[in-house]
Structures are given as structure tokens and as C-alpha cells.
Amino acid sequence: MSVRSLVAVAGPAPLSLGDGGAWTTLTDLLRWGQALNADEPGIARLVQTPGRLDDGTPLDYAWGVGVRAHAGHRVYRHGGGWPGLRALHARVPAPGLTLALVALDDRTERRVTLMDGMLDAYLSSPSSSPIIR
């Protein structure tokens with residue numbers, strides 16, 4: 001099934017794509033992640049700071065991204081979906097790594113397992129480098 005036929009079948013509602021109707025490409029997701037890793041917009045510290053509840057309990061969520069640990073590294077992840085499509089973006093600032101994936105015609109949560117495998121592959125070898133820097 002093509003993306004065009006998915007759009008024709010599902011018919012997007014106004015402002016239904018992403019929060020506020022965001023559209024992007026894999027290349028732009030990778031560029032955005034690398035820009036945040038380098039703090040080019042000057043907001044990385046703010047958007048990477050995990051929140052706290054009123055009683056001080058720390059959260060594993062920061063300004064729209066999940067904050068996780070993977071192979072001893074702090075990882076910032078955000079995913080989303082639309083009928084027939086799932087996406088996931090992950091950043092690991094310490095080695096300057098950004099990964100993104102889009103799974104078409106996917107109605108599962110396998111993107112999390114796929115991303116974990118990609119993180120394992122890149123973080124397990126010191127000589128690994130991202131495709132886009």
C-alpha cells in the first residue's frame with residue numbers, strides 16, 4: 001500500500017499530523033537531532049531536562065521526549081504514528097548520535113525493538129558513526 005493510498009483512505013483531519021500538524025522527512029529529523037546534539041538552537045539543556053511532579057518525584061519525560069538509558073548512555077526518544085505509519089526518533093548526545101526510523105503500513109509497536117537494535121549496533125562499537133553528521 002502506498003503512502004498516497006493511505007492518505008486517500010484515511011483522509012487526515014485538520015491538525016491531525018503530529019502536535020499542531022507537523023510534517024517532516026527522515027533527513028530533516030536527523031538534521032534536527034544533530035542540531036540539538038550540538039545545541040545549535042540554544043535550547044538543548046531546556047528540552048532535555050526531565051520534569052518533576054509537584055512533590056519532587058522525577059519523571060522520565062522532558063519537553064515532549066522520553067528520557068531513557070541505553071548501554072550506559074542517556075537517550076532522548078520521541079515517536080508517533082498515523083494510520084499505517086509509525087515513526088521513532090532517538091538522540092544520544094554524548095557520542096553525537098541521532099537515529100530515526102519510519103515504518104510504513106505498520107500497525108505494531110515493533111519500531112521500539114527496531115530502534116533498540118539500531119542503538120545497540122551504534123553504541124556497541126566505538127568506531128560506529130551516524131550516517132548524517
Side-chain angles (χ1 to χ4, degrees):
M1 181 179 294
S2 72
V3 174
R4 180 166 282 156
S5 64
L6 286 172
V7 171
V9 170
L15 301 178
S16 65
L17 302 174
D19 185 19
W23 290 75
T24 192
T25 66
L26 277 175
T27 301
D28 284 345
L29 280 174
L30 293 171
R31 286 182 181 143
W32 172 245
Q34 290 301 89
L36 282 174
N37 283 345
D39 199 18
E40 290 172 17
I43 60 170
R45 186 173 180 185
L46 173 68
V47 299
Q48 293 174 179
T49 302
R52 292 188 174 275
L53 297 177
D54 287 343
D55 68 2
T57 303
L59 301 174
D60 62 356
Y61 196 73
W63 290 82
V65 295
V67 182
R68 308 286 186 272
H70 192 99
H73 294 274
R74 184 170 269 201
V75 179
Y76 301 94
R77 298 171 98 144
H78 182 79
W82 197 49
L85 179 135
R86 296 286 181 266
L88 188 58
H89 179 256
R91 292 186 313 104
V92 189
L97 177 65
T98 296
L99 300 169
L101 66 88
V102 172
L104 297 176
D105 200 27
D106 186 12
R107 293 167 185 83
T108 71
E109 288 301 319
R110 68 182 177 161
R111 64 193 165 125
V112 174
T113 304
L114 289 170
M115 181 61 77
D116 286 343
M118 291 167 59
L119 285 166
D120 287 339
Y122 278 106
L123 296 175
S124 66
S125 172
S127 63
S128 295
S129 64
I131 295 170
I132 294 180
R133 285 195 175 257

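Here the structure is a predicted model, which is why all the values come from computation and not from measurement.
- The CG atom of Leu88 sits 4.0 Å away from atom CE of Met115, with the distance rounded to the nearest 0.5 Å.
- Nearest heavy atom pair, residue Arg74 against residue Pro93, reads O-CD, 3.8 Å.
- Scanning both residues, Gly79 and Arg111, for their nearest heavy atoms gives CA-NH1, 3.3 Å.
- With contacts defined as side-chain heavy-atom distances shorter than 4.5 Å, the pair Tyr61/Val67 does not qualify.
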task: Output, in order, the C-alpha distance, side-chain angles, deciding distance and verdict of side-chain contact (heavy atoms from CB on, under 4.5 Å) for His89 and Val65.
output: CA-CA 9 Å; His89 179 256; Val65 295; over 6 Å; no
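- Looking at every heavy atom in both residues, Asn37 comes nearest to Gly96 through ND2-C, 3.6 Å.
- The hydrophobic cluster containing Leu114 also contains Leu97, counting ILVMFWY residues as joined when their side-chain heavy atoms lie under 4.5 angstrom apart, directly or transitively.
- Pairs of residues two or more places apart, or lying in two chains, that qualify as salt bridge (charged side-chain N to carboxylate O under 4.0 Å, His left out) and include a residue from residues 59-71 are Asp60-Arg68.
- When every heavy atom of Ala44 is checked against every heavy atom of Asp39, the shortest pair comes out as N-OD1, 2.9 Å.
- The salt bridge (charged side-chain N to carboxylate O under 4.0 Å, His left out) pairs that include a residue from residues 82-91 are Arg86-Glu109, where partners are two or more places apart or lie in different chains.
- More than 12 heavy atoms of other shown residues, nucleotides or ligands fall within 6.0 angstrom of atom CG in Asp55.
- In this structure, the side chain of His78 engages the main chain of Gly64 through a donor-acceptor pair within 3.5 Å.
- Pro41 and Ala35 get closest at one heavy-atom pair: CD-O, 3.5 Å.
- From Leu30, atom CG reaches atom OG1 of Thr25 across 8.0 Å, with rounding to the nearest 0.5 Å.
- If you chain together ILVMFWY residues whose side-chain heavy atoms come under 4.5 Å of each other, Val47 ends up grouped with Trp32, Leu36, Ile43, Leu46, Trp63.
- With rounding to the nearest 0.5 angstrom, the CG atom of Leu26 is 11.0 Å from the CG atom of Leu99.
- Remark: His70 NE2 is packed, more than 12 non-hydrogen atoms of other residues, nucleotides or ligands lying under 6.0 Å away.
- The residue from Leu101, Thr98, Thr24 that alone fulfils the side-chain contact (heavy atoms from CB on, under 4.5 Å) condition with Leu29 is Thr24.
- Minimum interatomic distance between Pro95 and His73 (heavy atoms only, all atoms of both residues): CD-ND1, 4.0 Å.
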